[in-house]
Amino acid sequence: MKIVGLTYDLKTDYQFREGDPPDANAEFDHPSTIEMIASAITAEGFQVKRIGNVISLLEQIDNLGVDIVFNISEGRTGRNRESQVPMLLEMANIPFVGADALTLGITLDKIIAKKIFIAEGIPTPKYFEVKDPNSPIILDHMEFPMIVKPRFEGSSKGLTDNSRVENEAELKRQIEYIIGNYKQPALIEEFISGNEFTVAIIGNDPPEVLPVVQIQIDGEIELDKKFYTFGHISSDKLQYLCPAKIDEDLKKRISEIALAAYQAVECRDFGRVDIRIDKEGNPFVLEINPLPCLSTEDIFPLVAREIGLTYTQIIGRILNSALKRYNLIN
Ligand SMILES: Nc1ncnc2c1ncn2[C@@H]1O[C@H](COP(=O)(O)OP(=O)(O)OP(=O)(O)O)[C@@H](O)[C@H]1O
Ligand SMILES: [Mg+2]
């Protein structure tokens, strides 16, 4: 029986430090998610070995005793944090599920990812970056409203109801908020007023695009000015609808763009692409997550059901894509 190691970071293990924003541990997983993944892997006929975070991995790396690692670890700090576990595993020549260190680094940094999308002709909102809150802001090619986000965070960290800005005074305030609280540059994008979708993709050669999921906020799918914040994620105001309430043409276009983004940054085994459509029907890729949340409250169980699979089977598919990639199964 093959042994599958599990690397992860638990919310309950995070120790808040002075100066941390309230959403500092937002990316980490609930123990229940780890239990769900572990039981799915067991049910698929593997033995599970819980490894824990990058430090536990480092301590055990010479005697890990696993055939492959199912990695959902977020890592410690900085824009390369998600790359830390994959880098160690690559060094030790241990196979692992999901994207490698390079892909995780270039996608956690939303600006580097946008540069790749632009080079590949994948539409993404216009943007600029501010590193120093005191530097003059030049708005040449940008139009209000805009949204101000941290350059390398996920799980809607740094996003509040104030993140969407209408004028220069609000813009300046939000830039100061991001740089001051998240200790990193601010990414400013044109705000795409319209509807929002997210697309899960699994596998390789070729990857399989799963049914498009539509975002509903406060019971509305016509989002217009609405967007989701850290507050929405931690309440029940955010809902995922599958199938999406759009015509087949738009579904196809969204799926194609999602796949192009997955391939542009060389995702492997699984990923999730966030897309927004403006009033004229133009799609824009907001970001790609090569390490999307696999919790049962997130989209994977929902899209699994839509194509007649259980959560367990979806986890099995992701794991099998990786095993195949390493020629560990046929
Ligand atoms: N340019 C934009 N126009 C409109 N809304 C946006 C834009 N950028 C981000 N948003 C809103 O903010 C949300 C979070 O942004 P984004 O996906 O970039 O950040 P994240 O923290 O990585 O997200 P996740 O919670 O998916 O990990 C989006 O789902 C969307 O609702
Ligand atoms: Mg997102």
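When a ligand or atom number is given, it counts from 1 through the structure's own listing order. Throughout, numbering of the chain's residues begins at 1 and tracks the sequence. Here the structure is a predicted model, which is why all the values come from computation and not from measurement.
Note: the hydrophobic cluster containing Ile221 does not contain Ile246 (ILVMFWY, side chain heavy atoms under 4.5 Å, direct or indirect links). A continuous path of hydrophobic side-chain contacts links Met36 to Phe46 [ILVMFWY only; heavy atoms under 4.5 Å]. Linking Ile, Leu, Val, Met, Phe, Trp and Tyr whenever their side-chain heavy atoms come within less than 4.5 Å leaves Phe117 and Ile111 in two separate clusters.
Smallest separation of non-hydrogen atoms from Pro207 and Ile201: CB-CG2, 3.6 Å. A pairwise comparison of heavy atoms in Pro290 and Cys267 identifies CB-SG, 3.8 Å as the closest pair.
The aromatic rings of Phe96 and Tyr326 are tilted relative to each other, their planes meeting at an angle between 30° and 60°.
Contact annotation: Arg272 has at least one heavy atom less than 4.0 Å from an atom of ligand 1. Ligand 1 is never approached by Lys226 to a heavy-atom distance shorter than 4.0 Å.
Considering just the N/O/S atoms of Glu287, the one nearest the Mg ion (ligand 2) carries the name OE2. The Mg ion (ligand 2) sits nearest to atom OD2 when only the N, O or S atoms of Asp274 are considered.
Contacts with ligand 1 closer than 4.0 Å are made by no heavy atom of Arg164, backbone or side chain. Under 4.0 Å from ligand 1, the heavy atoms of Pro125 that appear belong solely to its side chain.
In this structure, Phe227 has its ring center closer than 6.0 angstrom to the ring center of Phe191.
Close approach of ligand 1 to Glu153 (heavy-atom distance below 4.0 Å) involves ligand atoms 22 (O). Residue-ligand proximity, Glu190 to ligand 1, at heavy-atom distances under 4.0 Å covers atoms 1 (N), 2 (C), 3 (N). Close approach to Glu189 involves these atoms of ligand 1, each under 4.0 Å from a residue heavy atom: 1 (N), 2 (C), 7 (C), 8 (N). Residue Asp274 has at least one heavy-atom neighbour below 4.0 Å for each of these atoms of ligand 1: 17 (O), 26 (O).
Comparing heavy-atom distances from atom 8 (N) of ligand 1 across Lys225, Arg276, Lys149 singles out Lys149 as nearest. For atom 3 (N) of ligand 1, the nearest non-hydrogen atom from the set Leu223, Val148, Ile192 comes from Ile192.
Where the criterion is an N or O separation shorter than 3.5 Å, residue side chain and backbone included, Leu159 fails it with respect to ligand 1.
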- Message: One pair to check against side-chain contact (heavy atoms from CB on, under 4.5 Å): Gln216 and Glu222. What are the steps and the verdict?
- Response: CA-CA 8 Å; Gln216 176 174 299; Glu222 298 298 333; over 6 Å; no

- Message: Using salt bridge (charged side-chain N to carboxylate O under 4.0 Å, His left out), reason through Lys324 and Asp205 one step at a time and then give a plain yes or no.
- Response: CA-CA 10 Å; Lys324 235 190 209 160; Asp205 302 326; over 6 Å; no

